[in-house]
Amino acid sequence: MSDVLERLAEVLEARKQAEPESSYVAKLYAKGLDAILKKIGEEATETVMAAKDGDREHLVKEVADLWFHSLVLLADQGLHPNAVLDELDRRFGLSGLAEKAARKPPA
């Protein structure tokens, strides 16, 4: 698989030190968690709409936006994309129903 996630993680980490006026991501960090979550909600909605429209090219672009903003959230929370990849790897080969049944309820 490509190293795009690793390279993006490095850039997103570096943007934590950037001035908000210098970078879109730095501006998102400066606005805080609510702004990041709002953007993820917006991109998730746009992804759903693109899928419903059956526009494959638009869908790919919206999923890219959603993934990007999810990576911003992970970085904001001090998490690396490898944490998600590790979780996906852990689930690989498990039945979706069995995996969901094994989840602990949130505290």
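For reference, positions follow the sequence shown, starting with 1.
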Are E42 and K38 close enough, and set up right, to give a salt bridge (Lys or Arg N to Asp or Glu O under 4.0 Å), and what steps lead you there?
CA-CA 6 Å; E42 176 188 317; K38 182 179 175 184; over 6 Å; no

Residue from V48, T47, D53 passing side chain to side chain contact (heavy atoms under 4.5 Å, CB included) with L59
T47

Using the rule that Ile, Leu, Val, Met, Phe, Trp and Tyr join whenever any side-chain heavy atoms are under 4.5 Å apart, tell me whether Y29 and I40 fall into a single cluster.
yes

With clusters defined by side-chain heavy atoms of hydrophobic residues (ILVMFWY) lying less than 4.5 Å apart, directly or transitively, does F68 cluster with L79?
yes

To the nearest 0.5 Å, tell me how far L12 CG sits from L28 CG.
10.0 Å

Provide the full list of side-chain hydrogen bond (donor to acceptor under 3.5 Å, both in side chains) pairs with a residue in residues 65-79, sequence neighbours left out, each pair given once.
Y24-H69

Working to the nearest 0.5 angstrom, can you tell me the gap between L85 CG and L5 CG?
6.0 Å

With a 4.5 Å cut-off on side-chain heavy atoms, are E6 and N82 touching?
yes

When clusters are formed by joining ILVMFWY residues with side-chain heavy atoms under 4.5 Å apart, either directly or through shared neighbours, do V11 and L74 land in the same one?
no

Hey, which of K61, R56, E62 is the one that makes side chain to side chain donor-acceptor pair (under 3.5 Å) with H58?
E62

Before giving the answer on side chain to side chain contact (heavy atoms under 4.5 Å, CB included), spell out for E46 and L66 the whole-Å C-alpha distance, their side-chain angles and the decisive distance to 0.1 Å.
CA-CA 9 Å; E46 290 174 2; L66 180 58; over 6 Å; no

Is the closest side-chain heavy-atom distance between E13 and E10 below 4.5 Å?
no

Please round to the nearest 0.5 Å and tell me the distance separating atom CG of L71 and atom NE2 of H80.
9.5 Å

Heavy atoms from other residues, nucleotides or ligands near CD of Q17 exceed 12 (cutoff 6.0 Å)
no

At their closest point, which heavy atom of S23 faces which heavy atom of A26, and how far apart are they?
OG-N, 3.1 Å

Side-chain heavy atoms nearer than 4.5 Å, only ILVMFWY residues, links allowed to pass through others: does that put V4 and V84 together?
yes

